[in-house]
Amino acid sequence: MADQQLRFLRADARVSRLAALAPVAAALEQWGDGVWHDIGRVGFALLWFALLAIVLAEVAVTLRLSQNRMRAILWLALVALANPGSPPLIESLLGLRIARAVRLRHEFAESVGRAVFSGRGLRFVSAVSALGIFALGWLFSAVETTQHLSVGDGVWFALVTAATVGYGDIVPTNTVGRFIAAALMILGLFVVGLLTGAVAERFTRNKPRDGDVAGRLDELAARLERIESSLGRRD
């Protein structure tokens with residue numbers, strides 16, 4: 001039973017992390033044209049069904065265990081409210097489910113840390129970050145209608161903002177653009193901090209602990225004593 005519950009919590013954490021894509025899908029559905037609108041609509045629907053399944057499973061588990069039932073029911077109400085038929089602004093509320101993943105992260109902090117700082121984890125984070133920069137850059141070019149920006153201009157703005165360079169050749173002129181710029185700043189700081197932590201972790205991975213060093217010193221001292229005693233007997 002404990003193993004099954006642990007597997008469920010891990011699956012819950014993985015699926016709940018996907019909720020961070022809900023505002024992006026809702027934005028594509030709201031401001032996207034043609035294929036971008038369809039991508040946002042279909043992507044949000046798939047994301048909603050995945051989160052609905054995990055929330056229904058959570059409700060079933062909590063009702064059976066008589067624990068945290070109200071919390072699970074409130075999550076179910078939120079998912080029901082932010083359904084694919086709702087306005088995009090209401091749909092974006094589905095991103096609040098990321099709070100569940102953050103809470104579960106503390107229970108799997110050690111395993112999550114190893115996964116993130118592994119080579120595969122860093123490649124995944126880099127790919128997601130690049131996709132996020134491209135999506136936010138495209139969204140910036142779409143919402144800044146007065147500047148008549150191309151998608152390339154938006155991606156350029158996203159890159160220099162996430163890198164905290166800020167040349168100033170392109171600046172946000174409305175509220176939505178400023179929110180996107182703030183999200184890019186936070187994304188850039190997150191990626192830089194993650195890469196710095198990964199480099200530090202690689203350097204300290206094979207560093208011996210203080211206890212290991214002390215044990216080795218004691219072992220060397222014992223060996224030296226044995227060598228000195230054997231030399232003394234020969235003399």
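Everything numeric here is computed off the predicted structure, so don't read it as measured data.
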Spell out, yes or no, whether [X] and [Y] are grouped together once hydrophobic residues are joined by side-chain heavy atoms under 4.5 Å, including indirect joins.
{"X": "Val151", "Y": "Val176", "answer": "yes"}
{"X": "Leu21", "Y": "Leu81", "answer": "yes"}
{"X": "Val55", "Y": "Ile90", "answer": "yes"}
{"X": "Leu18", "Y": "Leu96", "answer": "yes"}
{"X": "Leu184", "Y": "Phe179", "answer": "no"}

Would you compute the distance between atom [atom1] of [X] and atom [atom2] of [Y] and round it to the nearest 0.5 angstrom?
{"X": "Thr146", "Y": "Asn174", "atom1": "OG1", "atom2": "CG", "answer": "6.5 Å"}
{"X": "Glu144", "Y": "Arg178", "atom1": "CD", "atom2": "CZ", "answer": "8.0 Å"}
{"X": "Ile180", "Y": "Trp138", "atom1": "CD1", "atom2": "CH2", "answer": "9.5 Å"}
{"X": "Arg17", "Y": "Ile98", "atom1": "CZ", "atom2": "CD1", "answer": "8.0 Å"}

[X] to [Y] - nearest heavy-atom pair and separation:
{"X": "Leu47", "Y": "Ala19", "answer": "CD1-N, 4.2 Å"}
{"X": "Gly137", "Y": "Ala158", "answer": "CA-CB, 3.8 Å"}
{"X": "Leu93", "Y": "Leu78", "answer": "O-CD2, 4.0 Å"}
{"X": "Ile39", "Y": "Leu28", "answer": "CG2-CD1, 4.4 Å"}
{"X": "Ala82", "Y": "Phe44", "answer": "O-CZ, 3.4 Å"}
{"X": "Ala72", "Y": "Thr62", "answer": "CB-OG1, 3.5 Å"}

Exercise for review: Apply side chain to side chain donor-acceptor pair (under 3.5 Å) to Arg97 and Ser16, showing your working.
Suggested key: CA-CA 6 Å; Arg97 180 66 183 181; Ser16 296; 3.1 Å; yes

Does [Y] offer a backbone N or O that forms a donor-acceptor pair with the side chain of [X] under 3.5 Å?
{"X": "Thr161", "Y": "Phe157", "value": "yes"}
{"X": "Asp153", "Y": "Ser141", "value": "no"}
{"X": "Ser92", "Y": "Ala22", "value": "no"}
{"X": "Glu29", "Y": "Val24", "value": "no"}

Flag side-chain contact, heavy atom, 4.5 Å: [X] against [Y]:
{"X": "Ile170", "Y": "Phe140", "answer": "yes"}
{"X": "Gln30", "Y": "Glu91", "answer": "no"}
{"X": "Arg41", "Y": "Pro84", "answer": "no"}
{"X": "Leu74", "Y": "Met70", "answer": "yes"}

Practice item. Kindly indicate, with the supporting measurements, whether the criterion side chain to side chain contact (heavy atoms under 4.5 Å, CB included) is fulfilled by Val160 and Trp156. Key: CA-CA 6 Å; Val160 298; Trp156 168 252; 3.6 Å; yes

Exercise for review: Only one of Leu52, Leu46, Leu51 passes side chain to side chain contact (heavy atoms under 4.5 Å, CB included) with Trp48; say which it is.
Suggested key: Leu52

